[in-house]
Peer 1: 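Take a look at this one; I'll ask things after.
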Amino acid sequence: MLPVIENDIVVKYKMMPREDFLEYATLSQSLPGVIALNCATFVGRRAAGTLGMLAAGFGATVSAFALMIAATILLNIIPQQGPVAGAFRGIRAASAALIFAAAFTLGRHNIKTVFSVIVMLAAFTAVIFWNGGAPFVILAAGFAGYFYQRIKSKKKAEK
Amino acid sequence: MIIKLFELFVSFFKIGIFGFGGGYSMLSMIIGEADKFSISAAQMADLNALDMVVPGPIAINAATYVGYLYAGVFGAVFATFGVILPSFIIVTLIMRFIAKYRGNKIMDGFLTGGKPAAVGLIAAGAATIAASVLLQPNAVLSAIFTNPLETISIFLVAVFAVTAVANIRFKVNPILLTVLAGIAGAFLAK
């Protein structure tokens with residue numbers, strides 16, 4: 001998706017230099033929220049102010065919204081009996097496995113230190129026992145990460 | 001009705017503003033809140049399967065789906081608005097107040113903890129769903145120690161294991177895996 005947007009924004013409409021676009025795209029990933037939407041709002045605001053931000057943001061949302069409403073309605077009219085019920089049970093098992101695979105893939109790039117292993121296990125345990133505690137867990141982990149980095153850079157400075 | 005819409009908006013706004021780590025991280029937060037909106041683990045599993053075929057960001061799809069099931073089209077609008085609003089606010093604040101974005105030490109430090117936590121959250125979301133969708137029809141997880149074979153479906157556990165290994169180890173396309181699991185389920189699942 002990104003190369004298509006980049007081409008439109010940078011080459012076709014000449015809204016901003018390529019470096020600026022890439023900076024927004026990178027920054028979008030480290031901010032909370034929907035990554036594609038963060039990118040759209042940055043680009044929209046830079047190109048045309050607040051109205052541009054609203055236009056780009058709603059543009060990035062509306063198509064997904066409309067398609068998903070249609071898909072949800074369709075899903076709910078499928079009668080879940082006999083072989084169809086069996087098919088759904090198979091699909092749900094695969095679906096759970098693919099969420100697990102997503103955790104694994106993200107972990108492969110981000111779990112490299114003892115600190116990250118501890119944070120991951122602590123977060124896992126915390127939300128299993130505390131339904132809905134995820135926002136607090138993310139905040140706590142974020143602060144832990146911040147202090148961990150500070151202590152690490154202080155130690156380096158002392159050496 | 002208005003209370004339902006307000007609940008959806010608040011929940012999804014919270015998910016948007018704490019949603020570090022992309023779509024799956026937010027999806028796992030939504031799994032954590034699903035009870036509140038009377039959404040079952042099976043329905044959350046269906047959502048993830050739909051996500052693969054419906055283009056668009058996972059969190060927006062999820063907000064639309066949960067909102068629609070809980071309170072119809074208006075529910076979908078309020079939930080989706082809740083999850084997208086933080087992006088507008090955060091981007092506005094950043095562009096106004098932070099002159100230099102890159103190498104921001106606070107942000108980098110925050111992500112050092114936030115990303116591993118997101119991995120834990122997503123794994124917990126997968127575990128929550130698996131603990132419910134891998135059971136025999138009408139079984140409850142608490143019976144797992146007294147009567148394991150009538151509680152857990154060996155066939156569905158096998159589907160779970162094969163799908164996970166095929167995707168992680170051999171990078172088999174998720175849509176293909178979902179379709180295969182559906183076909184196998186139609187013939188083999190009771």
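Throughout, protein chains are lettered first and strands after them, A, B, ... in sequence-line order, and every chain is numbered starting at 1.
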Peer 1: If I measure from the heavy atoms of chain B, does A/Val34 come under 4.5 Å with its side chain, its backbone, both, or neither?
Peer 2: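 Both the backbone and the side chain of A/Val34 come within 4.5 Å of chain B.
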Peer 1: Find the one option among B/Val54, B/Val179, B/Ile168 whose heavy-atom pairs under 4.5 Å with chain A are most numerous.
Peer 2: B/Ile168
Peer 1: Taking the side chain as C-beta and beyond, is there a heavy-atom pair between A/Leu98 and B/Met52 under 4.5 Å?
Peer 2: yes
Peer 1: Out of B/Val77, B/Val83, B/Val53, B/Ile30, return the one with the most heavy atom pairs under 4.5 angstrom to chain A.
Peer 2: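 Highest number of heavy-atom pairs under 4.5 Å: B/Val77.
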Peer 1: Indicate the atoms forming the closest heavy-atom contact of A/Phe58 with B/Phe81, along with that distance.
Peer 2: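 Looks like CZ-CE1, 4.3 Å.
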Peer 1: Name the region of B/Ile15, side chain, backbone, both or neither, that has any atom closer than 4.5 Å to a heavy atom of chain A.
Peer 2: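 Neither part; nothing is under 4.5 Å.
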Peer 1: Go through the atoms of B/Thr80 and report whether side chain, backbone, both or neither lie under 4.5 Å from a heavy atom of chain A.
Peer 2: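 Side chain of B/Thr80 only, per the 4.5 Å heavy-atom cut-off to chain A.
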Peer 1: Could you tell me if the side chain of A/Arg45 sits less than 4.5 Å from the side chain of B/Arg96, heavy atoms only?
Peer 2: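 When only atoms from C-beta onward are counted, A/Arg45 and B/Arg96 do touch, with a gap below 4.5 Å.
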Peer 1: Centres of the A/Phe65 and B/Tyr68 rings: under 6.0 Å?
Peer 2: no
Peer 1: Relative to each other, are the rings of A/Phe143 and B/Phe110 parallel, tilted or perpendicular (30° and 60° limits)?
Peer 2: perpendicular
Peer 1: So which of B/Thr128, B/Val157, B/Val133, B/Asn48 has the largest heavy-atom pair count under 4.5 angstrom toward chain A?
Peer 2: B/Asn48
Peer 1: Please classify the contact of A/Thr61 with chain B as side chain, backbone, both or neither, using a heavy-atom distance under 4.5 Å.
Peer 2: both
Peer 1: Would you give the length of the straight line joining atom CE of B/Met26 to atom CD1 of A/Ile35, rounded to the nearest 0.5 angstrom?
Peer 2: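 It comes to 7.0 Å.
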Peer 1: Taking the side chain from B/Thr163 and the backbone from A/Ala94, do they hold a donor-acceptor pair closer than 3.5 Å?
Peer 2: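 Not confirmed, B/Thr163 side chain does not pair with A/Ala94 backbone.
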Peer 1: Quick check: closest heavy atoms across A/Ile69 and B/Ala76, and the distance to 0.1 Å?
Peer 2: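 Minimum heavy-atom separation between A/Ile69 and B/Ala76: CD1-CB, 3.6 Å.
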Peer 1: Looking at B/Asn61, B/Ile60, B/Ile17, which one has more heavy-atom pairs under 4.5 Å with chain A than the rest?
Peer 2: B/Asn61
Peer 1: What part of A/Leu121 gets closer than 4.5 Å to chain B, counting heavy atoms only: side chain, backbone, both or neither?
Peer 2: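 No part of A/Leu121 comes within 4.5 Å of chain B.
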Peer 1: Out of curiosity, A/Asn38 CG to B/Ile84 CD1, how far, rounded to the nearest 0.5 Å?
Peer 2: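 Output value for this atom pair is 11.0 Å.
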Peer 1: What part of B/Leu156 is in contact with chain A, defined as an atom under 4.5 angstrom from a non-hydrogen atom: side chain, backbone, both or neither?
Peer 2: both
Peer 1: Tell me whether the count of non-hydrogen atoms from other residues, nucleotides or ligands lying under 6.0 Å of CZ in B/Phe78 goes above 12.
Peer 2: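 No - once you tally the heavy atoms of other residues, nucleotides and ligands closer than 6.0 Å, there are 12 at most.
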Peer 1: In Å and rounded to the nearest 0.5 Å, what is the CE to OG distance from A/Met53 to B/Ser87?
Peer 2: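 Reported value, rounded in 0.5 Å steps: 10.0 Å.
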Peer 1: What part of B/Phe160 gets closer than 4.5 Å to chain A, counting heavy atoms only: side chain, backbone, both or neither?
Peer 2: both
Peer 1: Side chain from CB out, backbone as N, CA, C, O: work out which of these in B/Leu135 comes under 4.5 Å of a heavy atom of chain A, or both, or neither.
Peer 2: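 Looking at B/Leu135, just its backbone touches chain A.
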Peer 1: Any idea which heavy atoms bring A/Ala96 and B/Ala126 closest together, and the distance?
Peer 2: O-CB, 3.8 Å
Peer 1: Who among B/Gly56, B/Ala34, B/Ala123 has the most heavy-atom pairs with chain A under 4.5 Å?
Peer 2: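 Winner by heavy-atom pair count: B/Ala123.
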Peer 1: Report which part of B/Ile58 has an atom under 4.5 Å of a heavy atom belonging to chain A: side chain, backbone, both, or neither.
Peer 2: neither
Peer 1: Does any backbone or side-chain atom of A/Ala144 lie under 4.5 Å from a heavy atom of chain B? Answer side chain, backbone, both or neither.
Peer 2: neither
Peer 1: Counting only non-hydrogen atoms closer than 4.5 Å, does A/Phe104 touch chain B with its backbone (N, CA, C, O), its side chain (CB onward), both, or neither?
Peer 2: side chain
Peer 1: Taking B/Ala41, B/Pro174, B/Ala131, B/Pro86 one by one, which has the highest count of heavy-atom pairs under 4.5 Å against chain A?
Peer 2: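 Top option by heavy-atom pairs under 4.5 Å: B/Pro174.
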Peer 1: Taking atom CZ of A/Arg108 as the centre, report whether more than 12 heavy atoms of other residues, nucleotides or ligands fall under 6.0 Å from it.
Peer 2: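 Yes.
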Peer 1: Given that the side chain runs from C-beta out, which part of A/Leu106 has a heavy atom under 4.5 Å from chain B: side chain, backbone, both or neither?
Peer 2: both
Peer 1: Of the non-hydrogen atoms in A/Ala123 and B/Gly120, which two are nearest, and what is the gap between them?
Peer 2: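 That closest heavy-atom pairing would be CB-CA, 4.4 Å.
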Peer 1: Which atoms form the tightest heavy-atom contact between A/Gln149 and B/Gly109, and what is the distance?
Peer 2: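 Heavy-atom minimum between the residues: CG-CA, 3.8 Å.
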Peer 1: Please report the shortest heavy-atom distance between A/Ala103 and B/Val119, naming the atom on each side.
Peer 2: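 Nearest heavy atoms, A/Ala103 then B/Val119: O-CG1, 3.6 Å.
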